[in-house]
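Just so you know, these numbers use all the heavy atoms, side chains as well, and skip hydrogens, waters and symmetry mates. Throughout, protein chains are lettered first and strands after them, A, B, ... in sequence-line order, and every chain is numbered starting at 1.
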Protein chains: 2
Amino acid sequence: MAYRILIFEDNTRLRQSLELLLDDEQLFTVSASFPDCDAAAEMVREYDADLVVMDIDMPGIGGIEGVRQIKNAKPEVKVVMHTMFDDDNRIFDSICAGADGYLLKKTSPLQLVSALQEVMSGGVAMSPFVAQKVFQFFRQSNPATPQYNLTPRETVILELLVKGNSYKMIADKSSVTIDTVKKHLQNIYHKLHVSCGTEAVAKALQHKIVKLE
Amino acid sequence: MAYRILIFEDNTRLRQSLELLLDDEQLFTVSASFPDCDAAAEMVREYDADLVVMDIDMPGIGGIEGVRQIKNAKPEVKVVMHTMFDDDNRIFDSICAGADGYLLKKTSPLQLVSALQEVMSGGVAMSPFVAQKVFQFFRQSNPATPQYNLTPRETVILELLVKGNSYKMIADKSSVTIDTVKKHLQNIYHKLHVSCGTEAVAKALQHKIVKLE
DNA sequence: GAGTCAATTACACAATCGGGTAAGGGAGGC
DNA sequence: GCCTCCCTTACCCGATTGTGTAATTGACTC
């Protein structure tokens, strides 16, 4: 049984090319294709689609909002973005909206087909350039952690501060006096090279010195 | 000119298989291979390597630390992890250490070769399962943002606070009096449902109400 | 024109924060 | 034993933060 595909793509020529290309594969059947995704969620239900190929820049609601609606309506359907745009925001937003892949339009037909197969077997598909962007984002969101040499006690005190506790509350929860808390925080501020609590919280969260939850 | 490859892999059979496989390709030359990566950075320099295939679980320093050292010594060399492990931490740490790819050992020889080619042409290589993990992490790190209805003015004030400015500094930079700043922050605290600056900073960063840099 | 809301300032008061300084006890290393 | 480092407490004092109340201006809406 072939996978049922829906295509959303406003460029008529490209849409037809995709139809021909994918329908030619044994593994796929193109159930329908549309020049916009205003009724994307309905169509996915209507055709009981397994896989959606989605352009981003379309009249009406864009492809990113389209993904969101589709995934809301039927989370198990796979959605792969297929677009010319390779800017951080579009990639980023698409993934967060629930896309299972992000392929640039310069992807060759052969690669496109194999990428879609990969998605259907539970994987995720990205053009190498997109993957690079994702890696970059990953790294910068988790920079190599500098060492601040906080003692265990200092770490828990800082954690309590980050969670919004006042000095007094920290003192109670740690079963020490408020003066001790002050002392610890004074040391912490020095080690983090900051001068007040708000700055310390910002640095602790950015550099993931403490973790929330 | 073929790319010079170094292989770090403690399993002798597998190491030899990789040597044979990769050396057989026109595009690659295996310069050397090692059962541990204790001297990885030196070897990379010694052999002027272009590409490193790195196991993770090895005696001595592990592959993740190995990547870090290699990337420190020579950032332009490409490093691809090649391992059995698919747990979040190893994947995550490898990427942050600077890896350009993460392939599971069940990857077929053909896929391995083409993935390495992709890396050498500036891309990034991931097994589909790894890519999925990365996508998952991506999404959960950016949950759908709740609305706090901060006014534009309040937003910039909060940003300044998050960056570590005191009330007085915020007042100067915003060209208003300190009393105005107090008032704005009071309103902000109410809107965020917090009771002090540190809590506000924590919430602002967690919920990405403000962005750093 | 009345009403709402963002932005602004002012003042007073209490609470908290942050620095400096000093000092004792306990754990571990040389 | 001596030294270092962590944890602890205490006191003083100035600066900062946070709350309450009140009032003015301009913009935008009904």
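- Separating the CG atom of B/Leu161 from the P atom of C/dC17 is a distance of 14 Å, rounded to the nearest angstrom.
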Sort me out a list of protein N/O and nucleotides 25-30 of chain D N/O pairs below 3.5 Å, or just none if empty.
none

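- Remark: A/Glu118 engages B/Pro128 in a side chain to side chain contact (heavy atoms under 4.5 Å, CB included) (not counting sequence neighbours).
- Taking the side chain to side chain contact (heavy atoms under 4.5 Å, CB included) definition, one finds that A/Gln111 meets it with A/Thr107, A/Ser108, sequence neighbours left out.
- Atom CG in A/Leu158 sits about 13 Å away from atom P in D/dC7, given to the nearest Å.
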Paired and unpaired positions of DNA chain C as dot-bracket, Watson-Crick or G-U wobble under 3.5 Å, | denoting a partner strand | ||||||||||||||||||||||||.|||||
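- When atom types are taken as modelled, the side chain of A/Glu19 and the backbone of A/Gln16 share no donor-acceptor pair closer than 3.5 angstrom.
- B/Ser121 and B/Gln117 share no donor-acceptor pair across their side chains, judged by distance under 3.5 Å alone.
- Rounding to whole angstrom units, NZ of residue B/Lys168 and P of D/dT17 are separated by 9 Å.
- For the side chain to side chain donor-acceptor pair (under 3.5 Å) condition, the pairs that include at least one residue of residues 175-184 of chain A, sequence neighbours left out, are A/Thr177-A/Thr180, A/Lys183-A/Gln186.
- Every residue two or more places apart in sequence or in another chain that forms a side chain to side chain donor-acceptor pair (under 3.5 Å) with B/Arg90 is listed here: B/Asp87.
- Spacing between atom CD1 of B/Ile170 and atom C1' of C/dA7 amounts to 16 Å, rounded to whole angstrom units.
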Between protein and nucleic acid, restricted to nucleotides 24-30 of chain C and to nitrogen or oxygen atoms under 3.5 Å apart, what atom pairs and distances do you find?
none

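- Comparing C/dG18, C/dA7, D/dT17 by their nearest atom to the side chain of B/Thr151 picks out C/dA7.
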Criterion side-chain contact (heavy atoms from CB on, under 4.5 Å) on A/Thr83 and A/Tyr102, from CA distance to verdict = CA-CA 8 Å; A/Thr83 172; A/Tyr102 197 108; 3.4 Å; yes
Could you tabulate the donor-acceptor pairs under 3.5 Å formed by side-chain atoms of residues 4-11 of chain B, not counting sequence neighbours?
residue : atom : partner  : partner atom : Å
B/Arg4  : NE   : B/Asp48  : O            : 2.8
B/Arg4  : NH2  : B/Asp48  : O            : 3.3
B/Arg4  : NH2  : B/Asp48  : OD2          : 3.2
B/Glu9  : OE1  : B/Lys105 : NZ           : 3.1
B/Glu9  : OE2  : B/Asn11  : N            : 3.0
B/Asn11 : OD1  : B/Arg13  : N            : 3.0
B/Asn11 : OD1  : B/Leu14  : N            : 3.0

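- Atom CD1 in A/Ile157 sits roughly 13 Å away from atom P in C/dC17 (whole-Å rounding).
- Of the candidates A/Asn165, A/Val156, A/Ile178, A/Leu158, A/Asn165 is the only one forming a side-chain contact (heavy atoms from CB on, under 4.5 Å) with A/Ile170.
- Atom OH in A/Tyr167 sits roughly 14 Å away from atom P in D/dT16 (whole-Å rounding).
- For DNA chain C, the residues of residues 177-190 of chain A within the heavy-atom distance limit of 4.0 Å (strictly under) are A/Lys182, A/Lys183, A/Gln186, A/Tyr189, sorted by number.
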Pair up each side-chain donor or acceptor in residues 62-73 of chain A with any protein partner under 3.5 Å, not counting sequence neighbours, and list the distances.
residue : atom : partner  : partner atom : Å
A/Glu65 : OE1  : A/Arg68  : NE           : 3.2
A/Glu65 : OE2  : A/Gln69  : NE2          : 3.4
A/Lys71 : NZ   : A/Pro75  : O            : 3.2
A/Lys71 : NZ   : A/Val77  : O            : 2.9
A/Lys71 : NZ   : A/Asp100 : OD2          : 2.9

Apply the test side-chain contact (heavy atoms from CB on, under 4.5 Å) to residues B/Ile91 and B/Met126: give CA-CA distance (whole Å), side-chain angles for both, the deciding distance (0.1 Å), then the verdict.
-> CA-CA 10 Å; B/Ile91 294 173; B/Met126 276 179 277; over 6 Å; no
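- Residues passing the side chain to side chain contact (heavy atoms under 4.5 Å, CB included) test with A/Asp172: none are found, sequence neighbours excluded.
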Show every donor-acceptor pair shorter than 3.5 Å between a side-chain atom in residues 36-47 of chain A and any protein atom, with sequence neighbours excluded, or say none if there are none.
residue : atom : partner : partner atom : Å
A/Asp36 : OD1  : A/Asp38 : N            : 3.0
A/Asp38 : OD1  : A/Ile61 : N            : 3.1

